[in-house]
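All remarks here apply to the structure that follows.
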Amino acid sequence: DSLDWLLREMRLPGGAFASATDADTEGVEGATFVWTPEQLTEALGPQDGARLAALCQVTERGNFEHGQSVLRLEEPRSALTEADQELLERCFPRLLELRGGRAQPTRDDKVVTAWNGLAVRALARGAQVLGEPRYLRAAEAAAAFLLDTVTVQGRLHRSWKDDRVGAPGFLDDHANLVAGLIELWHASFDPRWLRAAEGLTERMVELFWDTEEGGFFSTGHDAERLVSRSKAPIGGALPSGNGVAAFVLSQLSLLLDRQEWADAAERVVLSYQPILERAPRALGFEALAGAMLSGDPLQIGLVGADNQELLGVLRSRLLPQAVLAAGPGLAELDLPWLRKKGSPDGRATAWVCERGACQIPTQDPQTLARQLG
């Protein structure tokens, strides 16, 4: 539902995503989205309208402003009774249709690179987990827009609007887009995305790395000189640039055998030690990077002929500490850790490796599942 909303409401003609919608419609807060019991009855009939009002806390008094209510569920949809789930599936499309006929809030059509990088990553991940090709196509279109239009003379920019780019990109623009490109590689195994991730990471290190103390500055070496260059180590609603950078460096070091990137990621992660001791829950991508560097990350390669059955085993599992490689582009990429790891008879074969040590290659999905376990 969240990804469908993103495609329906926020996608721009070029394939990228707008940055925001207004909170009000024609000067009234939330007017597009709120309901009254009478409106639900009129839209759905007396029986379904009353049931939905009770289920979604739409009352005569209202749970928002001016006696109107936002639709709210106290429990996840999966925890509802079968009858209530059927009610939502029956009623929500009708309410969405009616809502679409109302005056709509204005939209800020500015493309913010960092936020689009997060959207690319989410769509590419959704394509893998849900098996939905249109999410993959949307992620590819957004990534291509950022690489082809928001990048000018090799420099990624912060934003784009009305056919003009904004300021030179910051650290989080580069790191979030790299994270999206890596997930696109995992979703499609198109070498274009992995090569783009490698090139943009090299540029990120060149522009933002602190050669004296380690870690990444928020602004590039080519930006306007400031009295002090911040590193903004802690994220909030959005992840910190340093955290995402450390995570993608740890991933790419495994995928591309770039030990210098693992070393850089380790310097970033070690700088978080005081925060880890005092407020570990403040860390997100930083913790994922630390797990990649200190744990037992997996390198998983699928070689040989059609590998959909083996790939299905991987897609059905959460593997946050793993990098994947498959597809016809492997020969072009020549990944060092997959050299000499082929298929004995040309059939689809999985290699599961951990810090250079590989389990026995398998062509059996159940054996692959056990190895992953």
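Count residues from 1 along the sequence. It should be emphasised that the depicted structure is a prediction, and the values quoted were computed from it without experimental measurement.
- Taking all atoms of both residues into account, the shortest heavy-atom contact from A246 to A265 is O-CB, 3.5 Å.
- Looking at residues two or more places apart in sequence or on another chain, you find no side-chain hydrogen bond (donor to acceptor under 3.5 Å, both in side chains) involving R99.
- When the shell of 6.0 Å around CD of E260 is examined, it contains more than 12 heavy atoms from other residues, nucleotides or ligands.
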Using the rule given for side chain to side chain contact (heavy atoms under 4.5 Å, CB included), can you reason through L52 versus L95, listing the C-alpha separation, both sets of side-chain angles and the distance that settles it, and then say yes or no? CA-CA 11 Å; L52 190 73; L95 296 185; 3.5 Å; yes
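- The minimum heavy-atom distance linking W5 with M10 is given by the pair CH2-CG, 3.4 Å.
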Step by step, work out the side chain to side chain contact (heavy atoms under 4.5 Å, CB included) result for L335 and D257. CA-CA 8 Å; L335 300 176; D257 196 25; over 6 Å; no
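- Within the 4.5 Å cutoff, side-chain heavy atoms of H174 are placed close to those of L156.
- A donor-acceptor pair is defined here as one N or O able to donate and one able to accept, closer than 3.5 Å; no such pair exists between the side chain of N307 and the backbone of L310.
- At distances below 3.5 Å, not a single donor-acceptor pair connects side-chain atoms of T151 with backbone N or O atoms of G154.
- Checked by atom type and distance alone, the side chain of T41 never pairs as donor or acceptor with a backbone atom of G49 at under 3.5 Å.
- Considering CG of L194 and CG of L181, their distance stands at 9.0 Å, rounded to 0.5 Å.
- Hydrophobic clustering of Ile, Leu, Val, Met, Phe, Trp and Tyr side chains at less than 4.5 Å, counting indirect connections, unites V244 with L255.
- A donor-acceptor contact shorter than 3.5 Å links the side chain of D173 to the backbone of A114.
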List the steps and the verdict of salt bridge (charged side-chain N to carboxylate O under 4.0 Å, His left out) for D210 and K231. CA-CA 9 Å; D210 182 350; K231 290 182 179 177; 2.8 Å; yes
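- Across every non-hydrogen atom of V165 and T149, the tightest pair is CG1-O, 3.8 Å.
- Side chain to side chain, Q104 and T32 fail the donor-acceptor criterion of an N or O pair below 3.5 Å.
- Taking every heavy atom of both residues into account, S343 and R347 meet most closely at OG-O, 2.5 Å.
- Panel note: side chain D296, backbone R355; no donor-acceptor pair is recorded below 3.5 Å.
- Looking at heavy atoms from C-beta onward, R11 lies out of side-chain contact with L6 at the 4.5 angstrom threshold.
- Side-chain atoms of F17 and V112, non-hydrogen and from C-beta on, never get closer than 4.5 Å to each other.
- By the 6.0 Å contact criterion, CD on E82 is open, its count of non-hydrogen atoms from other residues, nucleotides or ligands being 12 or less.
- For residues 321-340, no pair satisfies ring-ring contact (aromatic ring centres under 6.0 Å, His included), with sequence neighbours left out.
- With hydrogens and angles ignored, the 3.5 Å screen pairs a side-chain donor or acceptor of T113 with a backbone N or O of H157.
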Check: residues 131-148 side-chain donor-acceptor pairs under 3.5 Å, at least two apart:
from: E132; atom 1: OE2; to: R134; atom 2: N; distance (Å): 3.4
from: R134; atom 1: NH1; to: D4; atom 2: OD1; distance (Å): 3.3
from: R134; atom 1: NH2; to: D4; atom 2: OD1; distance (Å): 2.8
from: Y135; atom 1: OH; to: D4; atom 2: OD1; distance (Å): 2.7

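- The backbone N or O of W209 sits less than 3.5 Å from a side-chain atom of H221, completing a donor-acceptor pair.
- Using a 4.5 Å cut-off between side-chain heavy atoms of Ile, Leu, Val, Met, Phe, Trp and Tyr, with links allowed through other members, W115 and V111 fall into different hydrophobic clusters.
- Residues R315 and Q128 bring a donor and an acceptor atom of their side chains to less than 3.5 Å of each other.
- Of all non-hydrogen atoms in K341 and C358, the two that sit nearest each other are CE-SG, 3.2 Å.
- Within 6.0 Å of the CD atom in Q85, the count of heavy atoms belonging to other residues, nucleotides or ligands exceeds 12.
- Around CD of E9, the count of heavy atoms belonging to other residues, nucleotides or ligands within 6.0 Å exceeds 12.
- Counting heavy atoms from C-beta on, the side chains of Q363 and D345 come closer than 4.5 Å.
- Shown here is R278, whose CZ atom has no more than 12 heavy atoms of other residues, nucleotides or ligands within 6.0 Å.
- A ring-ring contact (aromatic ring centres under 6.0 Å, His included) check over residues 339-373, counting only residues at least two apart or in different chains, returns nothing.
- With no hydrogens or angles considered, a side-chain donor-acceptor pair links S240 and E286 at under 3.5 Å.
- Counting only heavy atoms from C-beta outward, the side chains of R317 and V313 approach each other to under 4.5 Å.
- Salt-bridge formation is not detected for the pair R107/D22: no Lys NZ or Arg NE/NH1/NH2 atom is positioned less than 4.0 Å from an Asp or Glu carboxylate oxygen.
- A heavy-atom distance below 4.5 Å is found between the side chains of Q57 and E74.
- Follow the hydrophobic side-chain contacts under 4.5 Å out from L96 and you never reach L88; the two are in separate clusters.
- Under 4.0 Å is where a charged nitrogen must lie from a carboxylate oxygen, and between R158 and D172 at least one such pair does.
- With respect to D162 and K110, no salt bridge is recorded, no charged nitrogen being found less than 4.0 Å from a carboxylate O.
- Nearest approach of M292 to A322, heavy atoms of both residues: SD-N, 4.2 Å.
- Sequence neighbours left out, the pairs with a member in residues 46-55 that pass salt bridge (charged side-chain N to carboxylate O under 4.0 Å, His left out) are D48-R90, R51-D84.
- Looking at heavy atoms from C-beta onward, L238 lies out of side-chain contact with N176 at the 4.5 angstrom threshold.
- A continuous path of ILVMFWY side-chain contacts below 4.5 Å connects L87 to L73, so both sit in one hydrophobic cluster.
- Here the side chain of T36 pairs a donor or acceptor atom with the backbone of Q39 at under 3.5 angstrom.
- Listed for the Q299 side chain is a donor-acceptor partner under 3.5 Å among the backbone atoms of L254.
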Verdict with reasoning, L171 to F217, per side chain to side chain contact (heavy atoms under 4.5 Å, CB included): CA-CA 7 Å; L171 171 63; F217 293 111; over 6 Å; no
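- The local environment of CZ in R8 is crowded, with over 12 non-hydrogen atoms from other residues, nucleotides or ligands closer than 6.0 Å.
- Inter-residue side-chain proximity for L184 and R125 is flagged as unmet; no heavy-atom pair is nearer than 4.5 Å.
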V323 vs H186, side chain to side chain contact (heavy atoms under 4.5 Å, CB included): CA-CA, chis, key distance, verdict: CA-CA 8 Å; V323 293; H186 284 152; 4.2 Å; yes
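- The 12-atom threshold is exceeded at CG of D222, counting heavy atoms of other residues, nucleotides or ligands nearer than 6.0 Å.
- Under a cut-off of 6.0 angstrom, the local environment of CD in E26 is sparse, with at most 12 non-hydrogen atoms contributed by other residues, nucleotides or ligands.
- A donor-acceptor pair is defined here as one N or O able to donate and one able to accept, closer than 3.5 Å; such a pair exists between the side chain of R195 and the backbone of L333.
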Can you check salt bridge (charged side-chain N to carboxylate O under 4.0 Å, His left out) on R258 and E202, steps first, answer last? CA-CA 11 Å; R258 299 285 296 261; E202 290 173 343; 3.1 Å; yes
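- Sorted by first and then second residue, the pairs that involve residues 235-278 and meet ring-ring contact (aromatic ring centres under 6.0 Å, His included), not counting sequence neighbours, are F247-F285.
- Taken together through direct or relayed side-chain contacts under 4.5 Å among Ile, Leu, Val, Met, Phe, Trp and Tyr, L98 and L44 form part of one hydrophobic cluster.
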